[in-house]
Amino acid sequence: MIEIPKTYDPKQAESEHYARWERQGYFAPEINRDPVAPVYSIVIPPPNVTGSLHMGHALQHTIMDVLTRYKRMSGYRTLWVPGMDHAGISTQIQVEKQLRKEGLTRHDLGRERFNERVWQWKEEYGGQILKQMRREGASVDWSREHFTMDERLSRAVREFFVHMYEKGWIYHGEGMISWCPKDQTALSDLEVDKESQAGHLYYLQYPVKGSERRVTVATTRPETMLGDTAVAVNPNDERYADLIGATIELPLTNRLIPVIADDFVDPEFGTGAVKVTPAHDPNDYAMGQRHNLPLVKVIDSHARMTAEAGAEFEGLDRYEAREKVVRNFEALGLLEKVVDYEFSITKCGRCRTVIEPLISTEWFLKQAEMGRAPLELIREKHEPRFVPQVPYEKVYTTWLENLYDWTLSRQLWWGHRIPAWYTEDGRTIVARTEEEARERAGTDNLTQDPDVLDTWFSAALWPISTLGWPDETEDFKIFYPTSLLVTARDIIFLWVSRMMMTGLEFTGKKAFDDVFITGTVFDKHGQRMSKSKGNGVDPLEVFDKYGVDATRLTLASIGSTDTRWNDKQVESFRNFANKIWNAARFALMNSEGGKVGSGFEADRSEWSLHDRWIVSLLNKTARDVEQALAAYDFYDAVQKLYHFFWDDFCDWYIELSKAEVSAEAPSPERDAARSRLLTVLEQALRLLHPFMPYITEELWQRLPGISEEQLHPAYKSAGAPTVMLASYPRPDESLINERAESEMQSVIDLISRVRNIRSELNVKPAERIKIFVSAPEEQTRKVFDESTGQIERLTRASAIFIGNGLNVPRASARQVLGGGAEVAVPLEGLIDFAQELERLSREREKLQKEAAKLEAQLSNPQFVERAPEEKVSEIRDRLADIERRDHALEQMMEALG
RNA sequence: GCCCGCUUGGCUCAGUGGUAGAGCACUCGCUUCACACGCGAGGGGUCAAUGGUUCGAAUCCAUUAGCGGGCACCA
């Protein structure tokens, strides 16, 4: 007898199997020996090298791993590519922090040594998350791990840049950018966040030259008035019509600025007159270009006032300057009023510092050009397919319809250096290598652009670069386009859309067929989990507490739904794992003489009812799971597996098979029953494996009779048998048996009704009862007859009498079954008649309520006329059945009372 | 301001035109020889509100309320 512990210990299984799978190369697509196998590939959203695992990752990884394992077991040549992102700013800041502890700054080291230091940091501390992924059970191919700063991927980045430059879609020029005064770098619009903030709106009066008149403008940033180069009004605004073309004497400066007319100005807002600061506001910049206004830069890259702001202000912080400007206006009697005002403020997505819009010379990419192909594809073919389609397809499409230039350059040291060199005579050479640049420049005297590229620039290439692009590698040919991308919704613009752009630009093919957007996991109060709030739930702690498999089931169930995290859910899946463990424990304790795979060889007609029944349900479950996974409905897949295993297999099949399986004496029948139990269990473990890799492997290995036989043909001779290479059970329609299901159901109903009587009437558990069953249909009687042993055991009955219209002792508790059958349990003075009468009358009340509903429906001529006939007759049948039951109950009450 | 989504039992969530579901929690009974992380039996919801379409609405449409998301504006 094989004995295993009573309680499943996840840690033990988790510590063993992953290392073996990895060592044996099971994660690599090469394990598949089928030359014509279909291909399934996913690239992981590369986590930051600085990152550690959070619930969002765990959710994404679970989804990807479930599908990868499912496809692998289904015989696909499966590749899941892991890797990391160099995460420019984050990483640089992390290393600078470390340097600061040594009393150093990056400038003390210089660029080259600093970068060496970052690499060193990466080797020592980076990639925490990759170790954590192993714990998750993620079946990624570690032999294909990539890092965005690797030489090969860097080459791809340069290729991308040069290609786009030559095409004219990347340019170097002056533009309005978002500048972070703390991180000292330009940012793209996607790397800044808007936050609403309570502040003030200042109404400033500007004197009009040659008149007593003043124009009042409103601003939230008074300090920028020092850089004003115009006042704008709406051309149709009658209030200001006569002022257009007039000259303003800009206070606190001795500059004269014009009043201009521009449609941008909303006459309804503020005073209808707008101060224009082209150097420090994106809208004003655009207006400045339209009207050829000069740029007066009054704020520098440290958010301090420049010399151009005037001697009085030079060197002041922007907020000090703001106060001073306001004080000065007040002193001059030009401050009209200050009102409380809530407006939004733009902050650095990383450090939360308030962004300063600045004019700067940077590298830009014309995203509108690059976005055309993906826009056409989504509009015309709805590709890639977003799941859920609503709302993401639309969000993505709208984004592509409104593209603007992407600021590529970052004033950082860690990242891909921009492949542009400048000659002394001011030429710009963009080349793949410095040698090439020298050759083209005709001189060795070149200076490379000091800036690096936005981290998302290399990320945009991830699916093609990790597979080998720009080289025509085997991997690229086989695995591109990828099958699926799984990610969170907040990087649809930042990342997803850009991978589609590069994929289509360089290969003419979309980067992935489908995009699955996961839900967001909130804390129990509905708050987003975040480091700063400290409300995050650490997946590793959950793993420790409940096991990886239970956590994975929880996460898979979450899928694309926004959900508040709930430990109880994980706990219930932990219990499920324990249930699986104990079902297997039972099978193993009773496995002598039986073995997997030999259970159902006999003629099907010899299988007992519960065998035909469970095999039918097993195949339906395989079918349902297949369909659910095809639809990315992970919740449904988990539900189907959970209820099949627990309700059908454990609660009924194991109980029903006990008589044969745990018989004392060995016999061919016992061996066969044991084999059938083992076989169903083995198939169930395979079905569960993509979701619960550890416990399934742990148990599967122990089943008697496991061999290469169970492996998918593509993995025969792959090595030691492992459930992860077994073939995923496919539904066999010929084994789906509706008749067996309905017959078994009638037995289950009978047992449940009797148990209900026992429970409701407080019949002591030890008390043996007699059961009288009356069934008008011969087939039903036959089914009950063949199951008497089961029925007796599961209802703790001493005897069962089956007939048609049996004479039942007067003092009996009775229940009505389907098909006009009845069950009666003689009470023999065991219980209180009044109690039974009450129970029956409650039962009748329920039935009558339902009957009234159905009758009303049938007495509505509209319904009878217009509803489909099958619906009407269905209602009639149901009503008839209820009436039969009600009648039977009435008789029972008469008999008692 | 524009667009989108959500609102189902105490909690977390399924269900998208024809008998309201699950897990947890709750009640009752069980040391039944796989499992108390269990077994058996139960209770509990006018599906946010209003109006409409329909023979029939949790499900479709409209309006309202509350919550959430995206985009724009924010001088």
Side-chain angles (χ1 to χ4, degrees), chain A residues 4 6-8 194 196 199 201-202 204 217-221 224 231-232 264-266 269-277 281 283-284 287 341-346 388 390-392 394-395 398-399 402 489-490 492-493 520 522 524 526 546 550 554 557-558 561-569 571-590 633 635-636 639 642-643 650-651 654-655 658 662 751-752 755-760 762-766 793-796 850 853-854 857 860-868 870-872 874-875 878 882:
Chain A
I4 63 176
K6 253 181 157 178
T7 305
Y8 171 55
K194 301 208 168 159
S196 116
L201 189 57
Y202 302 87
L204 309 178
V217 296
T219 178
T220 55
R221 295 195 299 154
T224 62
V231 166
F264 170 77
V265 180
D266 175 6
F269 191 89
T271 61
V274 186
K275 58 188 277 312
V276 184
T277 322
D281 181 276
N283 290 312
D284 292 3
M287 225 185 308
Y341 185 64
E342 187 166 321
F343 61 104
S344 65
I345 199 162
T346 309
V390 178
Y392 301 116
K394 193 169 171 184
V395 166
T398 310
W399 167 255
N402 299 287
R489 61 169 161 261
D490 45 348
I492 290 176
F493 309 145
T520 305
F522 298 103
K524 63 181 169 186
Y546 300 108
T554 309
S557 295
I558 288 173
T561 313
D562 287 356
T563 302
R564 297 177 184 209
W565 184 258
N566 187 338
D567 262 11
K568 287 284 180 190
Q569 185 59 253
E571 190 182 324
S572 97
F573 284 129
R574 188 271 316 263
N575 296 350
F576 179 54
N578 195 239
K579 190 74 183 177
I580 295 169
W581 181 261
N582 275 288
R585 179 166 177 261
F586 172 78
L588 291 171
M589 284 165 65
N590 297 285
D633 188 346
Y635 177 88
D636 192 47
Q639 287 295 310
Y642 180 94
H643 290 291
C650 292
D651 287 352
I654 289 182
E655 295 306 324
K658 271 181 181 170
S662 29
I751 292 168
S752 301
R755 283 172 169 175
N756 173 264
I757 291 172
R758 293 191 66 121
S759 179
E760 291 272 318
N762 297 319
V763 176
K764 295 274 174 291
R793 210 157 31 78
L794 297 181
T795 59
R796 313 190 124 231
E850 209 183 323
K853 237 161 82 181
L854 298 179
Q857 208 170 349
N860 177 356
Q862 308 260 48
F863 170 71
V864 182
E865 271 165 40
R866 299 195 200 179
E870 54 176 67
K871 207 75 233 170
V872 177
E874 185 196 311
I875 300 281
R878 261 167 49 202
I882 287 175

Go ahead and name the base partner of B:U7; Watson-Crick or wobble counts if both distances stay under 3.5 Å, otherwise write none. B:A65
Would you mind classifying the nucleic acid contact of A:Phe264 as base, sugar-phosphate or nothing, using non-hydrogen atoms under 4.0 angstrom? sugar-phosphate
Whole-Å distance separating the CZ atom of A:Arg796 from the P atom of B:G40: 13 Å
So what does A:Phe576 hit on the nucleic acid, given a heavy-atom distance under 4.0 Å: a base, only sugar-phosphate, or nothing? nothing
Within the structure, does a side-chain N or O atom of A:Lys6 lie under 4.0 Å from either OP1 or OP2 of B:C35? yes
So what does A:Pro861 touch, heavy atoms closer than 4.0 Å: a base, only the sugar-phosphate, or nothing? nothing
Could you tell me whether A:Glu571 contacts a base, only the sugar-phosphate backbone, or nothing, with contacts defined as non-hydrogen atoms closer than 4.0 Å? nothing
Between B:U54 and B:G18, how far apart are the C1' atoms? Round to whole Å, please. 12 Å
Within the 4.0 Å heavy-atom criterion, would you say A:Glu870 contacts the bases, only the backbone, or no part of the nucleic acid? nothing
Across the strands shown, which category fits A:Val265 at heavy-atom distances under 4.0 angstrom: base, sugar-phosphate, nothing? base
May I ask you to verify if any side-chain N or O of A:Asn575 is less than 4.0 angstrom from the OP1 or OP2 atom of B:C24? no
With a 4.0 Å cut-off on heavy atoms, is A:Arg755 in touch with a base, just the backbone sugar-phosphate, or nothing at all? sugar-phosphate
Residue matched to B:U46 through Watson-Crick or wobble contacts both under 3.5 angstrom: none
What nucleic acid atoms does A:Gln639 come within less than 4.0 Å of, heavy atoms only: base, sugar-phosphate, or nothing? sugar-phosphate
Has the side chain of A:Lys658 got a donor or acceptor that lies under 3.5 Å from a partner of the other kind on the base of B:A34? yes
Side-chain contact, heavy-atom cut-off 4.5 Å: A:Ser557 with A:Gln569? no
Looking at the side chain of A:Val395, which of B:C35, B:G70, B:U19 is the nearest nucleotide? B:G70
So, does the side chain of A:Arg574 form a donor-acceptor pair with the base of B:C37 at under 3.5 Å? yes
Ignoring hydrogens and geometry, is there a side-chain-to-backbone donor-acceptor pair from A:Asn582 to A:Lys6 under 3.5 Å? yes
Could you check whether A:Thr398 gets within reach of a base, just the sugar-phosphate, or nothing at all, counting any heavy atom under 4.0 Å? nothing
For a quick check of understanding: with a heavy-atom distance under 4.0 Å over all strands, which category does A:Lys194 fall into, base, sugar-phosphate or nothing? base
A:Arg758 and A:Thr795: CA distance, side-chain angles, deciding distance, side-chain hydrogen bond (donor to acceptor under 3.5 Å, both in side chains) verdict: CA-CA 9 Å; A:Arg758 293 191 66 121; A:Thr795 59; over 6 Å; no
In whole Å, what separates the C1' atom of B:C26 from that of B:C67? 28 Å
Just call it for A:Thr277: base, sugar-phosphate, or nothing, with non-hydrogen atoms closer than 4.0 Å on any strand. nothing
Please classify the nucleic acid contact of A:Tyr392 as base, sugar-phosphate, or nothing, using heavy-atom distances under 4.0 Å. nothing
Could you tell me whether the phosphate oxygens of B:A14, OP1 or OP2, come under 4.0 Å of any side-chain nitrogen or oxygen in A:Thr561? yes
Base B:A22 paired with A:Gln569 side chain (donor-acceptor, <3.5 Å): no
Ion pair A:Asp562/A:Arg489, N-O distance below 4.0 Å: yes
Under the 3.5 angstrom rule, does the side chain of A:Asn590 hit a backbone N or O of A:Phe586 as a donor-acceptor pair? yes
A:Ile757 CD1 - B:G42 P separation (whole Å): 11 Å
Could you give the CG-to-P distance, from A:Asp651 to B:C35, as a whole number of Å? 14 Å
Return yes if the base of B:C35 and the side-chain atoms of A:Lys579 contain a donor-acceptor N/O pair under 3.5 Å, otherwise no. yes
Which part of the nucleic acid, if any, lies within contact of A:Lys871, taking any heavy atom under 4.0 Å across all strands shown: a base, the sugar-phosphate backbone alone, or nothing? base
